[in-house]
2 protein chains.
Amino acid sequence: MAGDAQATQKRLIEAAAQEFAAYGIAGARVDRIALVAKANKAQIYHYFGSKDQLFDAVFNELVATTLREVPIDPADLPEYAGRLFDGFERRPEVQRLATWYRLERADSQVPLDSVVQANRGKVLAIEQAQREGLVTDRFAAADLLALVLTLAAMWTSITPEYHVLIEGHTSEHRRHVVTEAVAALVAVRDTVAGG
Amino acid sequence: MAGDAQATQKRLIEAAAQEFAAYGIAGARVDRIALVAKANKAQIYHYFGSKDQLFDAVFNELVATTLREVPIDPADLPEYAGRLFDGFERRPEVQRLATWYRLERADSQVPLDSVVQANRGKVLAIEQAQREGLVTDRFAAADLLALVLTLAAMWTSITPEYHVLIEGHTSEHRRHVVTEAVAALVAVRDTVAGG
DNA sequence: GTCTTTCAACTAACCAGATAGTTAGCAACT
DNA sequence: AGTTGCTAACTATCTGGTTAGTTGAAAGAC
């Protein structure tokens, strides 16, 4: 055969991931994806059906990979946050794609069951750890997980104007802020020294 | 005069804010903005020049309003976070517009001086409060502000799949999670009870 | 071994509708 | 009569999506 269908699909997914991460769904250009993937535009429609479905294919694969890569450790949430942070540093497009998904796709789409289930499992794991006294019960498990996920992504969700204020920051420093913040959340309640 | 230029511009800005918040810059439709504003499309180009410049006008006004409305109280960061949260609840489009700005506009645009200056001022205020012993010095001032801003916006930046896990949450509960989390950050360092 | 049929992978050209931006002129108030 | 606000119609271009046709490897026929 002249070509390799699987390889072509992979090139298309990769090119699409780049394109969607950079421009979003509305901003992405199908021709550009085909060009970068060294494939013909018609193949996108043959393999994936539409621009939106191509995005879904990209996003689903990304979700699957991400969920596989970062298992939770309820007994050490600071380090879990740190590993999440590492994942975001390693593949910055993941955060951007997730944000585009939230802004552009989420309301016209049923929630992805894989994500719901994965988060539910993590909440249950934290609840279990709370019952065993391994984790603070200052926050409900679902709230605590939300806090951890938010803090792990904090440096990617901040306004670009903020970057000038933290120019000297190394990746290690940013990671330390994340883990330290989560550590503070799970520390036992104690006296508070003002705001 | 047949019309009122200022009123028309205001209607355009408001319609554009809605449209951009919902669809982003690439996804927004100039015709739809004109329709909603009950104005003619040509006026958009007359008053603002281009679609991108219209977005900038919307965003700049939004930034000005927001900065005016929520002054910082470095001595009570939990309550500051709470007030930020209240602002986001009151005008959800603010967060969305800021996110679109970050994703679509930020790299092709110089950082907005007003935002940089406002944040710099807040960092300085926190540093001052730290010197006076009013605020924890566990985190550098710029990091602490980043944490507070991130936590105040946490419920808007979380993935939509998470919503099923926190269905029962009232606005008050979400606010409490935010303020409690910031309170934990600024609490004095103490013994830690696991993760 | 070679001829031929088949079929998946691929391509180039095309299309219809959408979209940002323009223009020429009208309407009303001073 | 001039100026300002406004309008409807228009255009050039872009863009997602389609289609008719080509290529080339391989499997079966002889």
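Chain letters run A, B, ... following the sequence lines, proteins first and then strands; every chain starts at 1.
Between A:Thr8 and C:dC10, a side-chain N or O to OP1/OP2 separation shorter than 4.0 Å is present. OP1 and OP2 of C:dA18 both lie 4.0 Å or more from every side-chain N or O belonging to B:Arg29.
For the pair A:Arg174 and A:Glu89, the salt-bridge criterion is met [side-chain N within less than 4.0 Å of a carboxylate O].
For A:Glu14, the side-chain contact (heavy atoms from CB on, under 4.5 Å) partners are A:Lys10, not counting sequence neighbours. Listed by chain and residue number, B:Lys41 satisfy the side-chain contact (heavy atoms from CB on, under 4.5 Å) test with B:Asp31 (two or more places apart in sequence, or in another chain). Residues passing the salt bridge (Lys or Arg N to Asp or Glu O under 4.0 Å) test with A:Glu104: none are found, sequence neighbours excluded.
One can place CG of B:Asp31 at 14 Å from P of C:dT22, the figure rounded to the nearest angstrom. Atom CZ in B:Arg32 sits about 15 Å away from atom P in C:dG21, given to the nearest Å. As rounded to whole Å, 18 Å separates atom P of D:dC14 from atom CD1 of A:Ile33. Rounded to whole Å, the distance from CZ on A:Phe48 to P on D:dG17 is 14 Å.
Taking every heavy atom of residues 35-47 of chain A and every atom of DNA chain D, pairs under 4.0 Å involve A:Lys41, A:Ala42, A:Tyr45, by number. DNA chain C lies under 4.0 Å from no heavy atom of any residue of residues 18-28 of chain A.
Comparing B:Gln6 and A:Ser50 by the nucleotide of DNA chain D whose heavy atom lies nearest to each, the residue mapping closer to the 5' end is B:Gln6.
B:Arg120 contributes no side-chain N or O that, together with a main-chain N or O of A:Leu165, makes up a donor-acceptor pair within less than 3.5 Å.
A:Val58 belongs to a hydrophobic cluster with A:Leu12, A:Ile13, A:Phe20, A:Ile25, A:Val30, A:Ile33, A:Ile44, A:Tyr45, A:Tyr47, A:Phe48, A:Leu54, A:Phe55, A:Phe59, A:Leu62, A:Val63, A:Leu67, A:Val94, A:Leu97, A:Tyr101, A:Leu112, A:Val115, counting contacts under 4.5 Å between side-chain heavy atoms of Ile, Leu, Val, Met, Phe, Trp and Tyr, direct or through other members.
With contacts defined as side-chain heavy-atom distances shorter than 4.5 Å, the pair A:Leu144/B:Val177 does not qualify.
The number of heavy-atom neighbours closer than 6.0 Å to CD of B:Glu61, taken from other residues, nucleotides and ligands shown, is 12 or below.
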